[in-house]
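Heads up, the thing below is written out as structure tokens.
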Amino acid sequence: MIDIKLIRKDPQRFIKGAADKNFNVDIQRLLAIDGELRTHKNQLQKIATQKNKIGKSIPNLADDKKKAALARLGELKSEEGGLNDAIGALEPEFDSIMGQVPQPAADEVPLGQDDTENVELSKWGEIRQFDFEPKDHIQLGVDLGIIDVERGVKLAGTRNYFLKGDGALLHWAVLRFAMDHMLGKGYVPMSVPLLMRDEAMRGTGYFPGAEEQTYQMERDGLNLVGTAEVPLTAYHSGEMIAKERLPFKCVSLSTCFRREAGAAGKDTYGLYRIHQFDKVEQVIIAENDEQASKEFHKEILGNSESVMQAMGLPYRLVNVCTGDLGRGQVQKYDIEAWMPSRDSYGETHSASRFYEFQARRMNLRYKDGNQNRFCHTLNNTVIASPRVLIPLLELNQNADGTINIPQVLQPYIGGRDRIVKSS
RNA sequence: GGAGAGGUGACCGAGUGGCUUAAGGUAACGGUUUGCUAAACCGUCGUAUGGGUAAUGCCCGUACCGGGGGUUCGAAUCCCCCCCUCUCCGCCA
């Protein structure tokens, strides 16, 4: 949510901001309604002033004067009714448009239409050249007996899968390593509810917009979250946090659910785009300070980079362009890991900062002196699996079809250093 | 699922029609004093919004006691609907 006062002051900034992000929002209409509403509310206020004045004098009035006063009150009331009707007719549209105004991107965000125009900032690691014909992760997984997509589809439909034996162990190894990595940095571990009210979905900015991407439990009015960002960020929603408790840094391991509606035919092969996966997610709730937010943004990005580096996975860092940003994001960095079977980098992490966009929607505040201020929020993936298993399996395969396990993961998989076919 | 009790400011908590610009307390902030891992006393202290003004300050308004509607000249207080929380019972990993 954007402060309407900022929109009034500089509408051009928000018109351009929305256009850059490819959001279709009628700011002019918003301001027209805002103007009308303000005029009406102003009149309403004047009427209320008169009503209050007359109302207070009534007990001390003589009968004839009282009668006149009551008559006057009647007139004022009907005037008030007309104004209230006008306001009632305008407000829903106002609220609807307000909820859609995007947060303008930061100046350092490149202009662009979609992810093809994201700008590469840096690369880490050597891309492995194979001296044999490498298999993709599904071939490897099926041959080793650790990935079973067929039965996943049989039981749960397309984009579902089983991980089995060392496949399941490797999946959990990656998650546990990532979690331990974050605990060393002082993030508070959280186990969170995954069914969220609409309120939390709106507060984080997923609604309106992502309803189609969300499994909705209509009978209970709850939504399966697509990321632990929702419960973590909304944890203190509606509260006044003590300033000393900021920044609040937390991390959660959770399952994530995504309908992937509208992605029909896209990335259908393998474990890249699936309905259910597990993710370690980091969230920071901070004071309202843009410079500090940028610092925290670097911090959460660094946390994830060091996880990738520890596992030896080559990746590149991308500055996401305006057209590929979500409604609330000020700026977003993606980490994309090299995936041999795709012959390209594929997104594995997404680090966003929002300034007060989310906090304003969920009324998440702290006291700064005698002023109440909205917090700043940020989040980033620490690791998401099984997507990260794609590079992990493919890049560490041997000619005989076995997989080398990176050293940092070995403690989580029985101290073994490779995955071999089990009988 | 059944029954009951509740939702008041950062927090606790009083308040059944005008004296509520919400008592009292806690926390916070400023000060005085005594002295020392602090206490006592005094003072300040809700939010949002409109107008005025050079002003995030000050002045004048308006709204806000879970949300929405109603009764009334006047509602935290009475009525209706909804949401949420808690307790007990039932069921249950």
Side-chain angles (χ1 to χ4, degrees), chain A residues 1-10 30-92 94-96 98-99 191-203 207 216-223 231 234-246 248 255 285 287-290 355-356 359-375:
Chain A
M1 188 79 71
I2 306 294
D3 187 347
I4 183 69
K5 283 185 274 188
L6 296 178
I7 304 176
R8 286 180 197 141
K9 204 187 286 176
D10 189 1
L30 178 73
L31 287 174
I33 300 173
D34 178 51
E36 265 191 82
L37 277 173
R38 286 222 282 171
T39 313
H40 288 148
K41 284 180 177 171
N42 224 315
Q43 280 177 273
L44 207 53
Q45 218 173 273
K46 283 178 186 150
I47 291 172
T49 308
Q50 291 186 58
K51 269 180 62 188
N52 288 344
K53 215 181 246 174
I54 296 173
K56 262 184 192 147
S57 70
I58 282 198
N60 326 309
L61 289 180
D63 278 355
D64 54 331
K65 286 197 171 170
K66 190 180 267 182
K67 223 174 172 182
L70 290 179
R72 178 65 186 138
L73 277 169
E75 288 169 28
L76 290 172
K77 259 192 147 175
S78 73
E79 250 181 88
E80 203 177 30
L83 286 168
N84 275 323
D85 288 347
I87 290 171
L90 289 169
E91 254 174 354
F94 179 81
D95 292 343
S96 159
M98 269 307 277
S191 175
V192 299
L194 302 181
L195 284 163
M196 288 278 114
R197 295 208 163 102
D198 288 353
E199 203 61 30
M201 301 302 287
R202 272 197 293 273
F207 288 0
Q216 296 180 285
M217 311 290 129
E218 289 175 0
R219 189 144 58 134
D220 302 291
L222 295 169
N223 308 278
Y235 184 63
H236 285 294
S237 62
E239 296 181 23
M240 189 72 76
I241 308 181
K243 192 180 176 185
E244 310 82 69
R245 297 203 47 219
L246 298 175
F248 177 63
T255 301
I285 315 269
E287 286 178 38
N288 194 310
D289 180 324
E290 295 196 358
Y355 290 159
E356 60 179 48
R360 187 175 275 278
R361 288 178 155 241
M362 59 175 79
N363 202 22
L364 166 59
R365 298 175 300 168
Y366 68 100
K367 241 187 206 332
D368 190 6
N370 54 5
Q371 242 190 323
N372 296 340
R373 310 193 65 187
F374 291 107
C375 297

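Since this is a predicted model, take the numbers as computed values, not measurements. Order of the sequence lines fixes the chain letters, A, B, ..., with proteins taken first and strands second; residue numbering starts at 1 for each chain. We use all heavy atoms of the structure for the numbers below, so side chains are in, but hydrogens, waters and symmetry mates are not.
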>> Rounding to an integer number of Å, can you tell me how far A/Phe374 CZ sits from B/U47 P?
In response: 13 Å
> What is the distance, rounded to the nearest whole Å, between atom NZ of A/Lys9 and atom C1' of B/U56?
Replying inline: 11 Å
> Can you tell me how far C1' in B/G31 sits from the matching atom in B/C86, rounded to whole Å?
Replying inline: 43 Å
>> Whole angstroms only, please: what is the CD-P distance between A/Glu80 and B/G70?
In response: 11 Å
>> Can you list everything that forms a side chain to side chain contact (heavy atoms under 4.5 Å, CB included) with A/Leu195? Sequence neighbours excluded, please.
In response: A/Met217, A/Leu222, A/Leu224
>> Please classify the nucleic acid contact of A/Lys5 as base, sugar-phosphate, or nothing, using heavy-atom distances under 4.0 Å.
In response: sugar-phosphate
> Just by distance, do the side chain of A/Asn223 and the backbone of A/Met196 share a donor-acceptor pair under 3.5 Å?
Replying inline: yes
> Taking the C1' atom of each, how far is B/U26 from B/C45, in whole Å?
Replying inline: 13 Å
> Pick one: which of A/Arg245, A/Arg373, A/Glu244 meets side-chain contact (heavy atoms from CB on, under 4.5 Å) with A/Tyr366?
Replying inline: A/Arg373
>> Rounding to an integer number of angstrom, what distance separates B/U72 and B/C78 when you compare their C1' atoms?
In response: 10 Å
>> In whole Å, measure the gap between the C1' atoms of B/A10 and B/A5 for me.
In response: 26 Å
> Taking the nucleotide of RNA chain B with the closest heavy atom to each, which residue, A/Lys77 or A/Arg38, is nearer the 5' end?
Replying inline: A/Arg38
>> Reading 5' to 3' and counting Watson-Crick or G-U wobble pairs with both distances under 3.5 Å, write the dot-bracket notation for RNA chain B, | for bases paired outside the strand.
In response: ((((((((.[[[..)..(.....]]].(((((.(...).))))).((((((((...)))))))).[[[[[..)....]]]]])))))))....
> If we only count heavy atoms from C-beta on, is the A/Phe94 to A/Leu30 side-chain gap below 4.5 Å?
Replying inline: yes
> What distance do A/Leu37 atom CG and A/Leu83 atom CG have between them, rounded to the nearest 0.5 Å?
Replying inline: 11.0 Å
>> Please report the distance, rounded to the nearest Å, between NZ in A/Lys51 and C1' in B/G18.
In response: 15 Å
> Looking at residues at least two apart in the chain, or sitting in another chain, which of them share a side chain to side chain contact (heavy atoms under 4.5 Å, CB included) with A/Lys9?
Replying inline: none
All N/O pairs under 3.5 Å across the protein-nucleotides 61-69 of chain B interface:
from	atom 1	to	atom 2	distance (Å)
B/G61	O2'	A/Thr49	OG1	2.9
B/G61	N2	A/Gln45	OE1	2.7
B/G61	N2	A/Gln45	NE2	2.7
B/G61	N3	A/Gln45	NE2	3.2
B/U62	OP1	A/Asn52	ND2	2.9

> If you look only at pairs with a residue in residues 68-78 of chain A, which of them pass as a salt bridge (charged side-chain N to carboxylate O under 4.0 Å, His left out), with sequence neighbours excluded?
Replying inline: A/Arg72-A/Glu75
> Is any side-chain heavy atom of A/Ile241 less than 4.5 Å from a side-chain heavy atom of A/Phe248?
Replying inline: no
> If we only count heavy atoms from C-beta on, is the A/Glu80 to A/Leu76 side-chain gap below 4.5 Å?
Replying inline: no
>> With rounding to the closest Å, how many angstrom separate the P atoms on B/G90 and B/A27?
In response: 43 Å
> Expressed as a whole number of Å, how far does the P atom of B/G66 sit from that of B/A22?
Replying inline: 15 Å
> How would you label the contact of A/Arg197 with the nucleic acid (heavy atoms, under 4.0 Å): base, sugar-phosphate, or nothing?
Replying inline: sugar-phosphate
> If you look at every strand shown and take non-hydrogen atoms under 4.0 Å, does A/Arg360 touch a base, only sugar-phosphate, or nothing?
Replying inline: nothing
>> Using whole Å, what does the distance between atom C1' of nucleotide B/G50 and atom CG of A/Asp34 come to?
In response: 12 Å
>> Would you measure the distance from the C1' atom in B/G15 across to the matching atom in B/A55 and give it in whole Å?
In response: 39 Å
>> With a 4.0 Å cut-off on N to O distance, would you call A/Lys41 and A/Glu91 a salt bridge?
In response: yes
>> Does A/Tyr235, at its OH atom, have more than 12 non-hydrogen atoms belonging to other residues, nucleotides or ligands within less than 6.0 Å?
In response: no
> Would you find a donor on one side and an acceptor on the other, under 3.5 Å apart, between the side chain of A/Arg361 and the backbone of A/Gly99?
Replying inline: yes
Set out, line by line, the N/O atom pairs under 3.5 Å between protein and nucleotides 6-11 of chain B.
none

> Once you round it to whole Å, what is the distance between P of B/U56 and CG of A/Asp3?
Replying inline: 14 Å
> So does A/Glu199 have more than 12 non-hydrogen atoms from other groups sitting under 6.0 Å from CD?
Replying inline: no
> Distance between the P atoms of B/C11 and B/C65, in whole angstroms?
Replying inline: 16 Å
